[in-house]
Participant: 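The structure's right below; bear with me while I get my questions together.
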Amino acid sequence: MSFDDNALFRRHKIAELRDKTQGDHREVAAAEQGLSYVGLSGDIGCMINGAGLAMATMDMIKLAGGEPANFLDVGGGASAERTEKAFRLVLADKNVKALLVNIFAGINRCDWIAEGVVQAIKNIDMKIPLVVRLSGTNVAQGRKIITESNLPIIMAETLAEAAEKVVQARNEMVARGI
């Protein structure tokens with residue numbers, strides 16, 4: 001028997017019975033931070049907003065020859081702090097060889113996400129390639145923030161380009177034995 005995690009707020013007595021040690025530690029940590037995360041077996045980390053875009057992104061990664069390491073939906077209104085938490089969560093998976101951030105900003109804003117990406121990289125000792133694709137609200141400001149940060153971020157204009165670049169970056173890491 002299982003229970004829908006999204007409905008547990010209505011069933012406090014059932015929620016109290018949950019043994020978090022029996023779940024994927026990454027998924028439990030994500031839920032505690034209000035993030036939707038599902039661990040997968042690949043080596044390309046994904047940080048995306050919106051479940052539909054996440055599914056399309058994972059499909060494009062596979063089409064480009066890669067394997068997603070996770071499904072992570074940062075949702076709407078992702079602050080710089082929330083973005084950094086998402087980065088830490090994805091990077092906690094030691095199998096991740098490259099990370100793709102794919103944001104279509106509607107509720108979110110590209111400049112908020114860009115600030116979060118820059119903050120996360122400055123605060124985290126990130127040793128893997130990062131590909132960022134931004135689209136939507138305040139995209140020009142977001143791209144400017146990333147470009148002016150002078151951090152080693154690979155930018156992409158389209159989802160297909162982002163998938164190709166992240167798979168190529170992952171392949172280069174694997175070839176170097178990392």
Side-chain angles (χ1 to χ4, degrees), residues 2 5-6 18-75 78-104 108 113-114 116-135 146 149 151-156 158-178:
S2 65
D5 292 346
N6 296 316
R18 184 175 187 192
D19 182 357
K20 293 181 181 179
T21 65
Q22 297 300 307
D24 182 316
H25 70 280
R26 300 168 298 176
E27 293 176 18
V28 170
E32 290 172 353
Q33 297 175 36
L35 297 168
S36 296
Y37 181 96
V38 176
L40 303 170
S41 61
D43 58 5
I44 296 176
C46 302
M47 190 179 102
I48 305 152
N49 70 315
L53 184 59
M55 297 302 288
T57 301
M58 292 188 305
D59 286 346
M60 289 300 289
I61 288 170
K62 287 186 75 69
L63 185 65
E67 289 292 329
N70 64 278
F71 167 105
L72 174 63
D73 177 3
V74 294
S79 65
E81 295 77 24
R82 184 175 173 93
T83 302
E84 184 175 337
K85 287 178 183 178
F87 260 81
R88 290 186 184 279
L89 183 65
V90 172
L91 296 175
D93 181 345
K94 299 305 176 199
N95 292 326
V96 172
K97 306 272 188 261
L99 175 59
L100 172 59
V101 175
N102 184 22
I103 302 296
F104 180 82
N108 270 332
I113 294 293
V117 166
V118 169
Q119 176 181 310
I121 293 174
K122 288 181 178 177
N123 293 341
I124 298 171
D125 185 25
M126 194 162 154
K127 297 183 183 342
I128 62 169
L130 170 63
V131 176
V132 175
R133 183 232 178 197
L134 300 173
S135 183
I146 289 176
S149 74
L151 292 169
I153 300 170
I154 303 164
M155 294 293 295
T158 68
L159 175 51
E161 179 188 6
E164 290 169 11
K165 285 184 174 185
V166 78
V167 169
Q168 179 182 1
R170 187 262 295 164
N171 290 345
E172 289 170 8
M173 293 293 284
V174 170
R176 293 183 7 217
I178 299 174

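Note that the coordinates shown come from a computational prediction; the quantities given were computed from them, not determined experimentally.
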Participant: Does Val74 offer a backbone N or O that forms a donor-acceptor pair with the side chain of Arg82 under 3.5 Å?
Facilitator: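 Checked: pair present.
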
Participant: Kindly indicate, with the supporting measurements, whether the criterion side-chain contact (heavy atoms from CB on, under 4.5 Å) is fulfilled by Leu130 and Phe87.
Facilitator: CA-CA 11 Å; Leu130 170 63; Phe87 260 81; 4.0 Å; yes

Participant: How close do Gly42 and Ala69 get, counting heavy atoms only, and between which atoms?
Facilitator: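 Scanning both residues, the minimum pair turns out to be O-CB, 3.3 Å.
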
Participant: Just so I know, are the side chains of Asp93 and Asn70 near enough to count as touching, which here means a heavy-atom distance under 4.5 Å?
Facilitator: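 No, every pair of side-chain atoms sits at 4.5 Å or beyond.
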
Participant: What residues form a side-chain hydrogen bond (donor to acceptor under 3.5 Å, both in side chains) with Lys94, not counting sequence neighbours?
Facilitator: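 Result, side-chain hydrogen bond (donor to acceptor under 3.5 Å, both in side chains) vs Lys94: none returned.
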
Participant: So which heavy atom on Pro129 is nearest to which on Ile154, and how close?
Facilitator: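 It is CB-CD1, 4.4 Å.
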
Participant: Can you give me the closest heavy-atom contact between Val131 and Ala162, atom names plus distance?
Facilitator: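 Heavy-atom minimum between the residues: CG1-O, 3.9 Å.
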
Participant: Can you see which heavy atom on Ala64 is nearest to which on Val167, and at what distance?
Facilitator: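 For Ala64 versus Val167, the nearest heavy atoms are O-CG1, 3.4 Å.
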
Participant: Going from CG on Leu100 to CD1 on Ile61, what distance comes out if it is rounded to the nearest 0.5 angstrom?
Facilitator: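 That separation rounds to 5.0 Å.
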
Participant: How many angstroms lie between atom CG of Leu53 and atom CD1 of Ile103, to the nearest 0.5 angstrom?
Facilitator: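 The CD1 atom of Ile103 is 7.5 Å from CG of Leu53, to the nearest 0.5 Å.
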
Participant: Run the numbers on Met126 and Leu99 for side-chain contact (heavy atoms from CB on, under 4.5 Å), then give the verdict.
Facilitator: CA-CA 10 Å; Met126 194 162 154; Leu99 175 59; 4.0 Å; yes

Participant: Going from CD1 on Ile48 to OG1 on Thr57, what distance comes out if it is rounded to the nearest 0.5 angstrom?
Facilitator: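 Interatomic distance, Ile48 CD1 to Thr57 OG1, rounded to 0.5 Å: 4.0 Å.
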
Participant: Please report the interatomic distance NZ(Lys127) to CG(Asp125), rounded to the nearest 0.5 Å.
Facilitator: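 If I round to the nearest 0.5 Å, the distance is 3.0 Å.
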
Participant: Main chain of Met155, side chain of Lys165: is a donor-acceptor contact present, judged purely on distance under 3.5 Å?
Facilitator: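 Between the backbone of Met155 and the side chain of Lys165 there is a qualifying donor-acceptor contact (under 3.5 Å).
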
Participant: Determine the minimum heavy-atom distance between Phe104 and Asn49, stating which atoms define it.
Facilitator: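 Minimum heavy-atom separation between Phe104 and Asn49: O-ND2, 2.8 Å.
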
Participant: Can you find a heavy atom in the side chain of Glu67 that is under 4.5 Å from one in the side chain of Leu40?
Facilitator: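 A side-chain contact under 4.5 Å is absent here.
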
Participant: Would you check if Leu89 and Met47 make a side-chain contact, meaning some heavy-atom pair closer than 4.5 Å?
Facilitator: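 When only atoms from C-beta onward are counted, Met47 and Leu89 do not touch, as no gap falls below 4.5 Å.
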
Participant: If I take atom CD1 from residue Ile44 and atom CG from residue Asn95, how far apart are they, to the nearest 0.5 angstrom?
Facilitator: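 Here the interatomic distance stands at 12.5 Å.
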
Participant: Between Glu84 and Arg88 (salt bridge meaning N to carboxylate O under 4.0 Å), is one present in this structure?
Facilitator: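 Counted as a salt bridge, because a side-chain N and a carboxylate O are separated by less than 4.0 Å.
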
Participant: Looking only at heavy atoms, which two atoms of Ala114 and Ile146 are closest? And how far apart?
Facilitator: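 Heavy-atom minimum between the residues: CB-CG1, 3.8 Å.
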
Participant: Apply side-chain contact (heavy atoms from CB on, under 4.5 Å) to the pair Ile128 and Leu91, showing each step before the final yes or no.
Facilitator: CA-CA 9 Å; Ile128 62 169; Leu91 296 175; 3.4 Å; yes

